[in-house]
Amino acid sequence: MNNSSAGPSSKARVGASQPSESSLKRKRGMFQKDLQHMMYGFGDDSNPLPETVSLVEDIVVDYVTDMVHKAQDIATKRGKLLTEDFLFLIRKDLPKLNRCTELLSMNEELKQARKAFEVDEEKLASHQ
């Protein structure tokens, strides 16, 4: 008797703390179009099988989630999650590290260019 009454109540507690199945289904497929294009860019068919795209999406989401959790663990000492936490995690994988640093520097250059463009627009607007 005790087992049957404990079963449903423990399920209710677990269900309340974890996302429901319907919320997981809604999030599924969020990256499918992007992944299809990336897969094509890496030599796959222009219209890959939906099962393949779903599998790649699952792998990517698992990898990113794992990296974020590891970075959060590193950042807990400081209390703030920084880009450097991710760079620390991939420090031994030189191709990834080099690509990340390249993308970060390109992002910084784009920010500076946008900032300079905004200043130029303000000068033109004030002179007219």
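Note that the numbering runs from 1 along the sequence shown for the chain.
- Counting only distance, with no hydrogens or angles, the side chain of Asn107 and the backbone of Leu103 share no donor-acceptor pair below 3.5 Å.
- Relative to the six-membered ring of Phe117, Arg114 misses at least one condition, a distance below 6.0 Å or an angle of at most 45° to the axis.
- Between Arg78 and Asp85, some side-chain heavy-atom pair lies under the 4.5 Å cut-off.
- Transitive grouping of hydrophobic side chains (ILVMFWY, heavy atoms separated by less than 4.5 Å) brings Val60 and Met30 into a common cluster.
- Of the possible polar contacts, none joining the Thr52 side chain to the Pro48 backbone as a donor-acceptor pair under 3.5 Å is found.
- When each of Leu82, Leu97, Thr83, Ile74 is checked for a side chain to side chain contact (heavy atoms under 4.5 Å, CB included) with Phe88, only Ile74 meets the rule.
- Between the side chains of Gln32 and Gln36, not a single donor N or O lies within less than 3.5 Å of an accepting N or O.
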- request: Carefully, step by step, assess Asp58 and Arg28 under the rule side-chain contact (heavy atoms from CB on, under 4.5 Å).
  value: CA-CA 9 Å; Asp58 289 344; Arg28 210 170 208 345; 2.7 Å; yes

message: Run the side-chain contact (heavy atoms from CB on, under 4.5 Å) test on His69 and Gln72 for me, step by step, so that the C-alpha distance in whole Å, both residues' side-chain angles and the decisive distance to 0.1 Å come before the verdict.
response: CA-CA 5 Å; His69 287 148; Gln72 282 178 326; 3.6 Å; yes

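- Note on Leu94 and Ile90: same hydrophobic cluster, where clusters join Ile, Leu, Val, Met, Phe, Trp and Tyr whose side-chain heavy atoms are under 4.5 Å apart, directly or indirectly.
- Residues Glu102 and Arg99 are paired through a salt bridge, judged by an N-O separation under 4.0 Å between the basic side chain and the carboxylate.
- Looking at Asp45 and Met39, their side chains never come closer than 4.5 Å, going by heavy atoms from C-beta outward.
- Environment of CE in Met67: crowded, with over 12 heavy atoms of neighbouring residues, nucleotides or ligands closer than 6.0 Å.
- A donor-acceptor contact shorter than 3.5 Å is absent between the side chain of Asp66 and the backbone of Tyr63.
- Transitive grouping of hydrophobic side chains (ILVMFWY, heavy atoms separated by less than 4.5 Å) keeps Ile59 and Val64 in distinct clusters.
- Nearest heavy-atom pair, Cys100 versus Leu87, reported as atom, atom and distance to 0.1 Å: CB-CD2, 3.9 Å.
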query: After noting the C-alpha distance and the side-chain angles of Phe31 and Val56, does the key distance pass the side-chain contact (heavy atoms from CB on, under 4.5 Å) rule?
result: CA-CA 10 Å; Phe31 304 109; Val56 171; over 6 Å; no

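- Counting heavy atoms from C-beta on, the side chains of Tyr40 and Asn47 never come closer than 4.5 Å.
- In this structure, CD in Glu118 is found 9.0 Å from NZ in Lys115, a value given to the nearest 0.5 Å.
- Rounded to the nearest 0.5 Å, atoms CD (Glu57) and OG (Ser54) are 6.0 Å apart.
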